[in-house]
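Only one structure is covered here, and it is reproduced in the block below.
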Number of protein chains: 2
Amino acid sequence: MPNVTIADVARLAEVSLGTVSRVMNHNPTVRPATRKAVLAAIAELGYRPNMNARNLRSQRTRAVGLLVTDLTQALVPQAIRGVEMALHPHGYAVLVGDAHSDPAVERESFNSLVDRRVDGLIWFPASRRAEVEEMVAEAGIPVVLFGQTSPSATVPTVMVDEHPAFDAMAADLAALGHRRFGFIGAGPTVRGRLRRLETALGRAGLTRDPRFEVTVPNRDDCYAVVQAMLRRDPRPTALLATPHDMVPPTVRAIRDEGLRIGQDISVIGFGDTEWAMALDPTLSVISVDYTTHARDAATILLQHIDGIATAPRVIRHQSTYVRRGSVGPAPVDA
Amino acid sequence: MPNVTIADVARLAEVSLGTVSRVMNHNPTVRPATRKAVLAAIAELGYRPNMNARNLRSQRTRAVGLLVTDLTQALVPQAIRGVEMALHPHGYAVLVGDAHSDPAVERESFNSLVDRRVDGLIWFPASRRAEVEEMVAEAGIPVVLFGQTSPSATVPTVMVDEHPAFDAMAADLAALGHRRFGFIGAGPTVRGRLRRLETALGRAGLTRDPRFEVTVPNRDDCYAVVQAMLRRDPRPTALLATPHDMVPPTVRAIRDEGLRIGQDISVIGFGDTEWAMALDPTLSVISVDYTTHARDAATILLQHIDGIATAPRVIRHQSTYVRRGSVGPAPVDA
DNA sequence: CTGTTAGCGCTTTCAC
DNA sequence: GTGAAAGCGCTAACAG
């Protein structure tokens, strides 16, 4: 029962507080015999260090915060694992914060992490750039952004350039004769993705059409929103659903309307998970490797915590377009 | 930059440390004018409380640990949300620990949470019952188990009785003429689920057959393992895949073998997500509402932390069997 | 209503 | 190589 303190251990081992502390911190200047006695006392009493006391005194926590946009989103848990795997070998614990896709909640989570005095923060932000940079400046701890689509001017960033994937997708669909391109989006990433879509469509000789673009206010509304879009005339002949969680309701709505994916309508999902290959036809996707991004972010953060940043301030990854069975030629009657 | 302390605030506001502390803790015995001055100083300096100091002194953290078996498993993030939603209104933060489905890692995560002096712990254990109860006893803080399939004798438990769902599934399949029932499993839940399957099959007049039961060592092996099973003769005519993540590779392997789900082979998944309805045919499942379980666990934990446990020591939920298109009559040639 | 004071459990000089 | 002592930032008890 952790009301055992270092003092109890010292008393039992007949040494001073300082010696117990030295043993706990693997200080080599402790005689083996002494160490053994202390270890025995620790085991006998079931002593566990009080992190609050330790952190307060030493002014470091050996913990880093990981603030994600939305924990329930596919791929996010994988990203957390990536961070853990990079940090654990260095003795750092990971404290996860969740923004619930809401800037207000995000601010609270951010503060909560800072108040716990994490040594650094890895952040996949939902808030706008200006707010993010301001919060980082005020926090006064090393921060690395990731998941961003453009670099921050002030904060180290692991970014993913989505343009190549969007361009490839748009070119592919244009070549297949598609002219009406639809978009199902939700959450803080919608604005950016629509912008990238506009650019990509333009380069492919197509244009955005707001009639085929919907933002889903609530995850549960996705099915109804897609259904409504499909029932209007004309309807899109191709569709991008983002983020990943928008895919299943979209697929279901399409099938319930009696449309054949890959024939009557082409579908591209965002994020490549096992489910993409489980669908029939298999799902084309824009694929992003968040695990690697997160790991990179963790590695860079470590450098900043140690005060020696050898890595470049901006790391640039790419997303890729993967064509599968869900994309086919535009229907002839279109 | 949080090197600002309560002392800096006190100096600027021209009050004592105690008064600043009282303002921070919403102590009503502070004159409004004083409070306003303190608040102004706090804002001006960007003061943020040091949780380590606060927790050390007050001997409570207003944080509860949530230790899960595997963060990357479907439904787990939903369960975390459930806990957050129950605890946030009471001012408690949630610290998530991840056992990576490994008892050794679980022990570390458990200790890490205890060392941070969380006020209580919600635990979906991967370790065996005896170890769990021993660790709980040593931790000396309130713990509530959930996700369990049977109650602990010593620890409050929110359990889910899987027998009714397994029975319903077995009866349904037996009635449809199935005689060879397969099982794809992974992780710490395999043993229990196999036991429940045995009971259920027995009640339905069927028997387990080890030839059709596989445990997947690594998630990535699932496809190959299922493929191998399907290529043996005879092969099962119905298949349960658990946990949820085993479903997509299983479905893919079945299709790649040229088998039609719901006709040549019936499939039941574990856990009802949007993807179950996105498949074609739609996926039959054993459905468990972890969000509700987690919320219940959080509510009970709160009572134990406050020292007033009015709720029963054991809460019993049920899982349900949902038949959809992926289950059909056994093939005639079987 | 507010100031003063004594620690919470630990790390870290500084002596010896 | 080890002990003694100071103090991290904060809360809570006690004066006033």
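Below, chain A is the first sequence line, B the second, and so on; all start at residue 1.
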Once you round it to whole Å, what is the distance between [atom2] of [N] and [atom1] of [X]?
X: A/L17; N: D/dA4; atom1: CG; atom2: C1'; value: 9 Å
X: B/N27; N: D/dA13; atom1: CG; atom2: P; value: 12 Å
X: A/N50; N: D/dC8; atom1: CG; atom2: C1'; value: 13 Å
X: A/I42; N: C/dC10; atom1: CD1; atom2: C1'; value: 13 Å
X: B/D115; N: C/dC8; atom1: CG; atom2: P; value: 20 Å
X: A/N55; N: C/dC8; atom1: CG; atom2: C1'; value: 14 Å
X: B/R116; N: C/dC8; atom1: CZ; atom2: P; value: 23 Å
X: B/M51; N: D/dT11; atom1: CE; atom2: C1'; value: 13 Å

Distance test, side-chain N/O of [X] to OP1/OP2 of [N], below 4.0 Å:
X: A/Q59; N: D/dG9; answer: yes
X: A/T19; N: D/dG3; answer: yes
X: B/S16; N: C/dT4; answer: no
X: B/T5; N: D/dG9; answer: no
X: B/R54; N: D/dT11; answer: yes

### Task
Please state whether the rings of A/F124 and A/F146 are parallel, tilted or perpendicular, taking 30° and 60° as the class boundaries.
perpendicular

#### Entry: Side-chain donor/acceptor contact of A/R22 with base of D/dG3 under 3.5 Å
yes

### Query
Got a donor-acceptor pair under 3.5 Å from the side chain of B/R57 to the base of C/dG7?
yes

#### Entry: Candidate pair B/T34 and B/T19, rule side-chain contact (heavy atoms from CB on, under 4.5 Å), full reasoning
CA-CA 8 Å; B/T34 315; B/T19 300; 3.7 Å; yes

Would you indicate what [X] reaches in the nucleic acid, counting non-hydrogen atoms under 4.0 angstrom: base, sugar-phosphate, or nothing?
X: B/N25; value: sugar-phosphate
X: B/T29; value: base
X: B/V15; value: sugar-phosphate
X: A/S21; value: base

### Query
Do A/D70 and B/R81 sit within salt-bridge range, that is, some charged N less than 4.0 Å from a carboxylate O?
yes

### Query
Mapping B/N52 and A/G18 onto DNA chain D by nearest heavy atom, which one lands closer to the 5' end?
A/G18

### Task
Tell me, with the steps shown, if B/D289 and B/H317 meet side-chain contact (heavy atoms from CB on, under 4.5 Å).
CA-CA 9 Å; B/D289 184 1; B/H317 288 257; over 6 Å; no

### Query
Is there a donor-acceptor contact under 3.5 Å linking the side chains of B/R54 and B/N25?
yes

#### Entry: Residue closer to the 5' end of DNA chain C, B/T34 versus B/L56 (nearest nucleotide)
B/T34

### Query
Can you check whether A/R107 reaches A/S127 side chain to side chain, under 4.5 Å on heavy atoms?
no

